[in-house]
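Right, one structure below, let's go through it.
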There are 2 protein chains.
Amino acid sequence: MAVTIKDVASAAGVAPSTVSRVIADHPRISPATKKRVKKAMKDMGYHPNVNARSLANRSTQAIGVVMSSSADKALQNPFFPEVLRGISAIAHSLDYSMLLSTGGTDEEMLEGVERMVYGNRVDGIILLYSQINDPVMNFLLEKEFPFTMIGKPFDRVDEITHVDNDNIRGGKEITNHLIELGHDRIAFIGGSTDLVVTLDRLKGYQVALQEAGLPIREDYRVHTEFLKSGGRDAVHQLFSLENPPTGIVIADDLMTIGVINMLEEFGMLVPENISIVSFNNVYLAEVTRPPLTTVDIHIYELGSQAAKCLIEKVRNKDEPAKRIIVPFNIKHRLSTQRNETL
Amino acid sequence: MAVTIKDVASAAGVAPSTVSRVIADHPRISPATKKRVKKAMKDMGYHPNVNARSLANRSTQAIGVVMSSSADKALQNPFFPEVLRGISAIAHSLDYSMLLSTGGTDEEMLEGVERMVYGNRVDGIILLYSQINDPVMNFLLEKEFPFTMIGKPFDRVDEITHVDNDNIRGGKEITNHLIELGHDRIAFIGGSTDLVVTLDRLKGYQVALQEAGLPIREDYRVHTEFLKSGGRDAVHQLFSLENPPTGIVIADDLMTIGVINMLEEFGMLVPENISIVSFNNVYLAEVTRPPLTTVDIHIYELGSQAAKCLIEKVRNKDEPAKRIIVPFNIKHRLSTQRNETL
DNA sequence: TTGAAAGCGCTAACAA
DNA sequence: TTGTTAGCGCTTTCAA
């Protein structure tokens with residue numbers, strides 16, 4: 001069928017093993033034969049068969065990316081393509097392929113990962129989320145299969161290579177921004193409490209309140225799914241309170257957009273009547289109305305770092321567990337203003 | 001290392017080939033041995049090595065998905081995760097893996113595809129876009145490598161299996177909606193004219209105008225990149241005209257969001273001052289303010305159909321080229337109203 | 001520096 | 001219905 005290593009070998013007048021050595025850029029090979037073989041490869045349009053290669057040396061030059069697509073989590077969120085872009089850039093530059101596995105349920109996700117691992121389809125895996133008690137992670141840990149995660153592991157933090165933002169500090173700083181603007185009734189809207197990222201951002205929010213001597217009110221905290229109905233419920237819940245908040249910290253830009261629309265429906269204007277800050281700085285945060293004051297978490301970099309770590313780890317089994325903190329910075333835009341209700 | 005087919009064979013007291021046959025669900029095998037082998041597989045925790053399998057029978061059980069990530073095209077657009085979801089569902093259900101290849105430039109994309117094809121990594125490929133004079137497509141055609149595309153091929157329409165909406169009709173109907181509302185100065189904003197989808201939607205728009213006896217004004221047509229600056233320029237261009245439009249047909253929801261924001265910045269309200277319709281019906285179209293009247297193109301289905309066709313084609317080389325038209329329907333929401341300027 | 005040969009795990013004739 | 005055996009295309013000792 002296609003041209004094989006043998007064809008190249010005989011064309012170049014060498015043994016297949018020699019050709020193999022030039023492919024692998026083996027050091028002990030004379031420049032002369034190397035050149036000759038390379039020429040033959042080019043002339044004949046030779047391309048190594050990765051399957052044969054994988055079989056022989058038990059490495060696939062591919063990484064797996066696992067994302068959840070259930071309502072509450074990643075998909076439909078622009079976070080997602082952006083992080084893929086980061087992963088893809090590194091993978092491509094190091095000649096790795098990228099397998100994607102999505103699943104709606106935990107079970108489907110586990111199946112997908114098992115296929116990748118058991119089938120020897122990938123050398124390592126990136127988890128695009130961090131969730132409490134994740135069966136996928138437990139599986140990987142048990143099989144001692146190389147993986148890195150984006151986000152902070154819920155436990156075993158020191159054993160798991162992960163890349164994350166300092167979401168606690170991010171939560172604190174963005175909340176402080178609201179406090180500095182004179183807000184003292186500040187609510188928090190976040191996603192599922194199974195997601196570590198939600199917990200961390202919440203924590204930061206609480207620390208900021210506490211340090212400012214503000215009360216931490218349970219009724220100012222609402223957890224909701226990303227999608228539409230959720231935004232509505234959250235807003236409804238907060239604004240039926242006797243003393244509704246004048247500021248809200250929201251854990252995700254996309255949620256924020258939903259919330260702002262709900263607010264307007266209820267006749268509340270952002271930022272005139274209520275100030276809002278959020279997280280991620282996806283593309284939309286900049287073009288939506290009003291443009292969002294948000295924590296830029298550098299999504300692309302999260303992806304590229306995770307890929308880099310994973311590939312290091314795959315290439316060197318003894319690479320120690322790492323923790324990479326991607327710095328954030330706050331984008332000040334127009335969704336906040338000084339609290340006039342004082 | 002891991003347990004192999006030989007281990008299973010000896011444990012079950014049969015030959016490796018027998019085990020292989022039960023894996024492949026070969027018809028001529030006695031229920032008794034089948035059961036025995038299956039038990040052994042389960043007991044030993046056996047999982048076939050896909051690489052070895054690929055090597056032996058030259059099929060990978062994997063499909064490649066190619067998307068462009070350059071500014072003007074897919075990424076950052078929620079279209080994207082949604083179509084992946086559709087592909088992934090089918091792939092998963094038929095036990096195929098999914099390789100993803102992104103690239104910023106045509107060249108990078110071609111490289112990615114070459115790696116998939118030459119490396120024998122996938123059995124077939126889905127192109128998530130249709131572009132004039134696409135080197136990737138030409139490569140695939142030349143190699144006679146199985147592929148399907150989402151969107152309409154620019155030429156060789158009958159030779160290429162593709163799944164698409166009837167974008168011409170969609171463009172026409174959505175434009176008619178504006179006409180019926182009394183608008184007679186209707187502009188069109190679209191993406192790159194290299195994309196077939198842009199051309200088709202534009203065509204539909206023009207047909208509608210023509211049939212309604214309305215003039216097709218060149219200065220009412222602007223092409224722009226999806227991203228922010230683009231929206232600004234487009235709006236600026238249209239509203240410096242002597243007779244600015246009272247309605248706009250925009251080829252993509254995400255662009256629409258940008259345009260609406262620009263409009264508001266210029267003091268124009270949607271739909272009070274100007275009516276807007278667009279395409280895709282991504283999640284945001286529903287939650288943005290105002291909710292968008294848009295053509296729902298059924299993105300998920302585009303993905304799942306493309307995957308289905310591809311896998312059919314991969315399994316049967318002689319499968320004829322198909323053309324699948326996914327129906328659309330118009331979601332009437334709040335971005336349009338009757339033209340009051342008459 | 002190079003070649004010969006065994007083997008990675010599986011499939012697919014061909015035989016029995 | 002099942003077993004035997006030769007590959008699939010590549011890597012990797014071991015020897016030369």
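Just the heavy atoms: all of them, side chains too, but no hydrogens, waters or symmetry mates, feed the values below.
Near DNA chain D, defined here as any heavy-atom distance below 4.0 Å, there are no residues from residues 23-43 of chain A. DNA chain D is contacted by A/Ser17, A/Ser20 of residues 13-20 of chain A, taking any non-hydrogen atom closer than 4.0 Å. Shown for residues 46-57 of chain A: residues whose heavy atoms fall under 4.0 angstrom of DNA chain C, namely A/Leu55, A/Ala56. Residues of residues 4-12 of chain A that place a heavy atom closer than 4.0 Å to DNA chain D, in numerical order, are A/Thr4, A/Ile5.
Following rounding to the nearest Å, B/Arg58 (CZ) and D/dG9 (C1') show an atom-to-atom distance of 9 Å. Look at CD on A/Gln61: it is 14 Å from C1' on D/dC10, rounded to the nearest Å.
Between the CG atom of B/Asn49 and the CG atom of A/Asn120 there is a distance of 4.5 Å, given to the nearest 0.5 Å. We find the CG-OG distance between B/Leu195 and B/Ser130 to be 8.0 Å, quoted to the nearest 0.5 Å. Here the OH atom belonging to B/Tyr129 is positioned 12.0 Å from the CG atom belonging to B/Asp194, to the nearest 0.5 angstrom.
Every residue was checked against the ring pair (Phe, Tyr, Trp, His ring centres under 6.0 Å) condition with B/Tyr300, not counting sequence neighbours, and none meets it. Take B/Lys152 and apply the side chain to side chain donor-acceptor pair (under 3.5 Å) test, not counting sequence neighbours, and it matches B/Asp200. B/Asn57 meets the side chain to side chain contact (heavy atoms under 4.5 Å, CB included) test with B/Arg53, B/Ser59; sequence neighbours excluded. For B/Val65, the side chain to side chain contact (heavy atoms under 4.5 Å, CB included) test picks out B/Leu84, B/Ile87, B/Met98, B/Leu100, B/Leu128, with sequence neighbours left out.
Using a 4.5 Å cut-off on side-chain heavy atoms (C-beta onward), B/Ile5 and B/Tyr46 make contact. Residues B/Val14 and B/Val22 fail the side-chain proximity criterion, which asks for heavy atoms closer than 4.5 Å. Residues B/Val157 and B/His162 have side chains in contact (heavy-atom distance under 4.5 Å, counting atoms from C-beta outward).
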Could you go through residues 29-42 of chain A and list every donor-acceptor pair under 3.5 Å that involves a side-chain atom there, pairing it with any protein atom two or more places apart or in another chain?
from	atom 1	to	atom 2	distance (Å)
A/Ser30	OG	A/Thr33	N	3.3
A/Ser30	OG	A/Thr33	OG1	2.8
A/Thr33	OG1	A/Ser30	O	3.0
A/Lys34	NZ	A/Asp25	OD1	2.8
A/Arg36	NH1	A/Ala12	O	2.4
A/Lys39	NZ	A/Asp43	OD2	2.6

Enumerate, atom names and distances included, each donor-acceptor pair closer than 3.5 Å involving a side-chain atom of residues 138-147 of chain B, sequence neighbours excluded.
from	atom 1	to	atom 2	distance (Å)
B/Asn138	ND2	B/Asp134	O	3.4
B/Lys143	NZ	B/Tyr118	OH	3.4

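Within the structure, the ring-ring contact (aromatic ring centres under 6.0 Å, His included) test picks out no pair touching residues 6-27 of chain B (sequence neighbours left out).
The rotation axes computed at either terminus of the helix from C/dT1-D/dA16 to C/dA16-D/dT1 lie 30° apart, taking five pairs at each end and rounding to 10 degrees.
Between the side chains of B/Ser97 and A/Arg115, at least one donor-acceptor pair of N or O atoms lies under 3.5 Å.
A/Glu319 pairs in a salt bridge (charged side-chain N to carboxylate O under 4.0 Å, His left out) with only one of the listed residues (A/Lys322, A/Lys317, A/Arg315), which is A/Lys322.
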